[in-house]
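Structure first, commentary second.
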Amino acid sequence: MKKEKGLLKNKFFIFLTISLFVIFIDQILKYIVAKKLPYGEPLKIMGNYIWITYIKNPFGVWGISFPKWFPYEVIALIIILILILFLIFEKKKIYIIPYSLLFGGAIGNLIDRLRFKAVIDFIDIGISENLRWPIFNIADSSITIGIIILFLISIFFDKR
């Protein structure tokens, strides 16, 4: 029983550490970008490949537009609660990292939605002026990496 309690404490410590790190980096970089860069004007870091462009995205992931009434905040809260339940009931340690990345990313973007009714995005990558990926942020990256890790775990490690 003591080993199980230690594992639980360790699992939550790792989860909180990674999640808080993602939230902290995401929010600090968004704050710096919003304070230092003019809205919508790209700062070219590496030619046409990597830019920093400060925008606010009121829509969903990659600017996908849902109806104006779509409850982004409610959906984010439901996902956050589901991730907490997954963490509580998951026995395999391998899931802690992707759950942490998803949780931290969801919280990072939820903070923006509650404060600004939009998400601050700034990472702008592409290969030319006209061929660019939708602008995103650290929270989006964290969510994407968490999903990729979950996908890889399901293919290579989890035989349920």
Side-chain angles (χ1 to χ4, degrees), residues 1-30 33 45-46 49-53 55-67 69-127 131-160:
M1 189 68 155
K2 282 189 179 186
K3 184 178 180 183
E4 196 172 303
K5 280 187 180 181
L7 177 63
L8 271 178
K9 284 182 184 177
N10 192 27
K11 181 167 72 170
F12 285 109
F13 177 76
I14 293 168
F15 177 81
L16 283 175
T17 301
I18 294 170
S19 297
L20 290 173
F21 179 77
V22 168
I23 295 164
F24 177 75
I25 296 298
D26 176 65
Q27 291 296 303
I28 287 293
L29 289 177
K30 287 174 178 175
V33 164
I45 305 297
M46 285 183 54
Y49 305 110
I50 301 174
W51 301 349
I52 304 295
T53 307
I55 64 164
K56 288 184 180 175
N57 176 8
F59 304 113
V61 64
W62 300 313
I64 296 171
S65 179
F66 292 103
W69 53 262
F70 191 79
Y72 292 105
E73 296 88 351
V74 173
I75 300 296
L77 285 171
I78 291 169
I79 291 169
I80 288 164
L81 291 174
I82 289 170
L83 285 167
I84 291 170
L85 289 174
F86 281 177
L87 179 73
I88 290 169
F89 293 108
E90 183 58 60
K91 301 290 185 226
K92 295 182 180 180
K93 290 182 191 177
I94 196 167
Y95 287 96
I96 295 171
I97 292 174
Y99 290 166
S100 304
L101 293 171
L102 291 165
F103 184 84
I107 294 285
N109 281 340
L110 179 60
I111 290 169
D112 286 6
R113 288 207 180 275
L114 293 173
R115 290 180 67 207
F116 309 115
K117 296 293 182 207
V119 173
I120 293 176
D121 288 329
F122 59 91
I123 302 170
D124 186 353
I125 58 175
I127 57 174
L131 194 53
R132 312 213 53 81
W133 190 259
I135 302 171
F136 58 99
N137 60 44
I138 299 298
D140 298 337
S141 300
S142 177
I143 292 168
T144 302
I145 292 166
I147 290 170
I148 291 168
I149 293 171
L150 282 175
F151 179 71
L152 293 173
I153 289 169
S154 72
I155 291 174
F156 296 111
F157 298 102
D158 199 349
K159 302 299 179 197
R160 290 189 245 191

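Note that this is a predicted model, so its numbers are computed, not measured.
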For the [atom1] atom of [X] and the [atom2] atom of [Y], what is their distance to the nearest 0.5 Å?
| X | Y | atom1 | atom2 | value |
| --- | --- | --- | --- | --- |
| I145 | L101 | CD1 | CG | 6.5 Å |
| I52 | D121 | CD1 | CG | 11.5 Å |
| I75 | R113 | CD1 | CZ | 11.0 Å |
| I143 | I79 | CD1 | CD1 | 7.5 Å |
| L102 | L83 | CG | CG | 5.5 Å |
| I45 | I125 | CD1 | CD1 | 13.5 Å |

Which of these passes side-chain contact (heavy atoms from CB on, under 4.5 Å) with I14: T17, L16, I18?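 With I14 as partner, side-chain contact (heavy atoms from CB on, under 4.5 Å) holds for just one option, I18.
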Mind listing the closest non-hydrogen atom pair of [X] and [Y] along with its distance?
| X | Y | value |
| --- | --- | --- |
| N137 | I123 | C-CD1, 3.9 Å |
| K30 | G108 | NZ-O, 3.5 Å |
| I111 | Q27 | CG2-OE1, 3.4 Å |
| P98 | I153 | CG-CD1, 3.9 Å |
| E73 | K117 | OE2-NZ, 3.9 Å |
| N109 | A139 | OD1-CB, 3.4 Å |

Does the gap between the ring centers of F103 and F15 come in under 6.0 Å?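 Yes; F15 has its ring centre under 6.0 Å from that of F103.
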Cut-off 3.5 Å, side chains only: do N57 and D112 have a donor facing an acceptor?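 Side chains of N57 and D112: no pair found under 3.5 Å.
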Counting N and O atoms only, with roles assigned by atom type, does the side chain of S100 sit under 3.5 Å from a partner on the main chain of S19, one being a donor and the other an acceptor?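 Absent.
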Side chain to side chain contact (heavy atoms under 4.5 Å, CB included) evaluation trace for F157 with K92: CA-CA 10 Å; F157 298 102; K92 295 182 180 180; over 6 Å; no
[X], [atom1]: over 12 other non-hydrogen atoms inside 6.0 angstrom:
| X | atom1 | value |
| --- | --- | --- |
| I80 | CD1 | yes |
| F70 | CZ | yes |
| F151 | CZ | no |

Do F12 and I88 have side chains that approach each other closer than 4.5 Å (heavy atoms only, starting at C-beta)?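 When only atoms from C-beta onward are counted, I88 and F12 do touch, with a gap below 4.5 Å.
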Run Y99 and L150 through side chain to side chain contact (heavy atoms under 4.5 Å, CB included) and show every step you take. CA-CA 8 Å; Y99 290 166; L150 282 175; 3.9 Å; yes
